[in-house]
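The structure under discussion appears below in the form of structure tokens.
Throughout, protein chains are lettered first and strands after them, A, B, ... in sequence-line order, and every chain is numbered starting at 1. The analysis underlying the following values was restricted to heavy atoms, covering all of them including side chains, and did not include hydrogens, waters or symmetry mates.
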Protein chains: 2
Amino acid sequence: MSQFRIASLDNLVSQLSRLPGIGRKTAQRLAIYILKGSEEYAGALSGAIVDVKQNTRLCRQCFNIAEDTLCAICADTTRDSSKICVVEDIVDVMAIESSNEYGGVYHVLGGVISPLAGVSVEDLKIRELVERVRAGDIREVVLALNLSTEGEATMIYLSQLLKNHSVEITRIAHGIPMGSHLEFVDQTTIGRAIQARRKI
Amino acid sequence: MSQFRIASLDNLVSQLSRLPGIGRKTAQRLAIYILKGSEEYAGALSGAIVDVKQNTRLCRQCFNIAEDTLCAICADTTRDSSKICVVEDIVDVMAIESSNEYGGVYHVLGGVISPLAGVSVEDLKIRELVERVRAGDIREVVLALNLSTEGEATMIYLSQLLKNHSVEITRIAHGIPMGSHLEFVDQTTIGRAIQARRKI
């Protein structure tokens, strides 16, 4: 009795397993779905994967995803290019954009300084950020890195680095999320929220 | 301030969202991973998707996945073709195969009879099963459908349908799963296990 295997299915399961958060079992379920699905869907999905690599690149200025040399945000002349919001990753750009509260431009660092993970200053787009601040007419740099130890350290590093330039350095507020009940919020967040309290 | 959108990324997110169990947020995370990943990976993944559709079909005899007109199991002459295990789906074939306990062949119904979901006898490969039992030298039909109400009803229907043929009809055992503690097993399963108790 030989083991029942389908080479092309095994290969698809392996490829899908490489996606973040997709284990072997999930990959198998997805592969079977694709296998049993329509020819059209398989074509549309595989085409979309190829397209996203072919039609996108990193913005020359801010390292966000772009369809051209500049991303849609940097190319948008209605946006306030004197404000740069510094984020770790392109997903953070999307998250902030979805709030519709920010009208400036971005700078995607590509991570945070993390000696343990082997990420040093040179691995990030920090030099390019300083260059933008030096070259352009920048009035404000908004630091919006995640509040991990490494994120905090990177924000301190950046504010030290930029303090000699005539630019205002701010950071986004941390506090109680909308809709949360105080009793379910962790104590660090409550502590932050109390420290950052404002007059009403 | 225009909304920041990348058409090819949006399209990939939409296509990934159609996969079972993949919501919009997960699809976005996967799409970003593909976007930021290597050209090689995107090529390998999209190629694997196309391949799995091009290189597979349904087995003419048992409706399992096949790379040829017959699946690897039906084509394997070392297997006992006088035993047919009836399952709902190709994933069930894989699950049973992974146990290495079954040496017969299969018949994939493609679902169970479910008037609520609009699945009737004609939508399943039931006629083909009866045909196999009638035509071939079949000694045993093992019913291995899932224990849903519809699965149970389908098993009763099949056993009625096949009882006039000189074939033994069995069903796989249901009971306490290996490694489970009795106190954590639901009462229906315990009831089944007691009913199906065997002399030792």
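- Contact count versus chain B (heavy atoms, under 4.5 Å) is highest, among A/T56, A/V50, A/I49, A/V93, for A/I49.
- Contact between B/S99 and B/I96 at its shortest, heavy atoms only, is OG-O, 2.7 Å.
- Atoms NZ and NE2, from A/K125 and A/H107 in turn, are 8.0 Å apart once rounded to the nearest 0.5 Å.
- Using a cut-off of 4.0 Å between Lys/Arg side-chain N and Asp/Glu carboxylate O, B/R134 and B/E128 are scored as not salt-bridged.
- Chosen from B/S46, B/C71, B/A42, the residue pairing most often with chain A at heavy-atom distances under 4.5 Å is B/S46.
- A/T154 OG1 to A/E152 CD: the interatomic distance, rounded to the nearest 0.5 Å, is 9.5 Å.
- Identified by a heavy-atom distance below 4.5 Å to chain A, the contributing residues of residues 7-38 of chain B are B/A7, B/S8, B/L9, B/N11, B/L12, B/Q15, B/L16, B/R18, B/L19, B/P20, B/G21, B/I22, B/Q28, B/R29, B/L30, B/I32, B/Y33, B/I34, B/L35, B/K36, B/G37, B/S38, in residue-number order.
- For chain B, no part of A/D80 is nearby; none of its heavy atoms comes within less than 4.5 Å.
- In this structure, the portions of A/I65 lying under 4.5 Å from any heavy atom of chain B include both its backbone and its side chain.
- Remark: B/K163 does not engage B/E168 in a salt bridge, criterion side-chain N to carboxylate O under 4.0 Å.
- Taking OH from B/Y106 and SG from B/C74, the interatomic distance works out to 10.5 Å, rounded to the nearest 0.5 Å.
- For the residue pair A/E140/A/T170, the side-chain donor-acceptor check at 3.5 Å is satisfied.
- When all heavy atoms are compared, the tightest approach of B/I190 to B/L182 is CD1-O, 3.6 Å.
- Ranking B/N55, B/V91, B/D51, B/I73 against chain A, the residue ahead of the rest is B/I73, based on heavy-atom pairs under 4.5 Å.
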